[in-house]
Amino acid sequence: MSWQVTPRISEILKKGGDFQGIDRASALELMHLELHSRETYALMETANRMTREQFGDKGENHLHIGVNIEPCPFNCSFCSLTESAHIFREKVEFPTEKIIGWAKTGEQEGADALNIMTTGTYPFRKLLDLGRHLTAAVSMPLVANTRDVTHKEGEQLLDAGFVGAYHAVRLGEGKDTPFVKKKRVRTITILKDVGLRWMNCVEPVGPEHKAEEIVDLMFLAREYGATYSGIMRRINFRGSLMEPFGMITELEMARMLAVSRLVMGDVPAAHCSHEPHEISLLAGGNLFFPEVGSNPRDGVEQMDAGRGKSILETKQIHREMGMDPLLPSNCFSDRQDRQQPSSHAHPA
Ligand code: SF4
């Protein structure tokens, strides 16, 4: 291994580290760096410095609450909550009181926001009701994680107390899912139009995905000014159609997350890594999703008995990596509101 970072990589890291953004060709070069190389560590150091410069040492924890379980008829191939996975046979809707209880506990334990996830056919009016109940019960920012919405539905989310919505164009959209990429992007524009913050993650990443498709989604996040972006790897539940492809490692996630941080340039986007782990906090990551309720990558009903981590656990990971989860959240400041879709940021 050379002890020098090559001049070409130094140049990309200098530009990226100055918050100028990097072009698609540079992002692809970074995606292909050898994992155990000085270049990869320099990339991660650059991304880590950028995040700490923009967000300080704050470790963000947004509590994911999966509010229902169903054998979902949309059958996305990476999801355990599907008819085709044959894991869940019955529909379950967690009672409102239980969801409010989870939210209150989350608030007491230091969650910075709530991420309210529904499956594909969950009634929209129930999500709105939940928004109103949660707004009355807790004072954390509410983020909806649901299907594509119309302009009117976007406004209804805002009226019900949500400040943002998580909405990803997934890797393999239209192939591994029955949804149309164009419509997913349209929903993102609707969210921005009505004044909701847009939350994103490049997901669900597996070894079969090409660097080009992954990088394109990083640039989408920059183009539309995501409040946060990041990397979620695909977790193959037992019997998943995706099992033969395997899974990427946490170290590979960290390298990708660092590339995403440089791509975002001057967009003040927090960066999530899912599932929560240490190494991505050295690569520009600062945001975790502790979990309760349902989740599309598990075979059990409640995440506190499955793969999900509790807030106390994710806070401890932040502390171990020199972040402070008790600092006030700076993920929902008005810096993001000023960010508009940016034409200059499109992949070259
Ligand atoms: S990802 Fe959502 S829409 Fe797709 S199968 Fe799972 S719950 Fe249904």
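In listed order, ligands and their atoms are each counted from 1.
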Heavy-atom donor-acceptor pair, Arg184 side chain to Asp148 backbone, under 3.5 Å: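 A pair under 3.5 Å: no.
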Min heavy-atom dist Asn75 to ligand 1 below 4.0 Å: yes
Side chain, backbone, both or neither: the part of Thr82 lying under 4.0 Å from ligand 1 by heavy atom: side chain
Region of Thr121 engaging ligand 1 - heavy atom pairs below 4.0 Å: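 Within the 4.0 Å criterion, Thr121 makes no contact with ligand 1.
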Arg52, CZ atom: more than 12 neighbouring heavy atoms under 6.0 Å: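 Correct, the count exceeds 12.
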N, O or S from Cys76 under 2.8 Å to atom 4 (Fe) of ligand 1: yes
Nearest non-hydrogen protein atom, [atom]:
atom	answer
atom 6 (Fe) of ligand 1	Cys79 SG, 2.4 Å
atom 8 (Fe) of ligand 1	Cys72 SG, 2.3 Å
atom 2 (Fe) of ligand 1	Gly120 N, 4.1 Å

Modelled atom types, side-chain donor and acceptor of Glu107 and Ser139, under 3.5 Å: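 Ser139 and Glu107 do have a side-chain donor-acceptor pair below 3.5 Å.
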Run the salt-bridge test on [X] and [Y] with the 4.0 Å N-O cut-off and return the result as yes or no.
X	Y	result
Arg49	Glu45	yes
Glu29	Arg24	no
Lys126	Glu93	yes

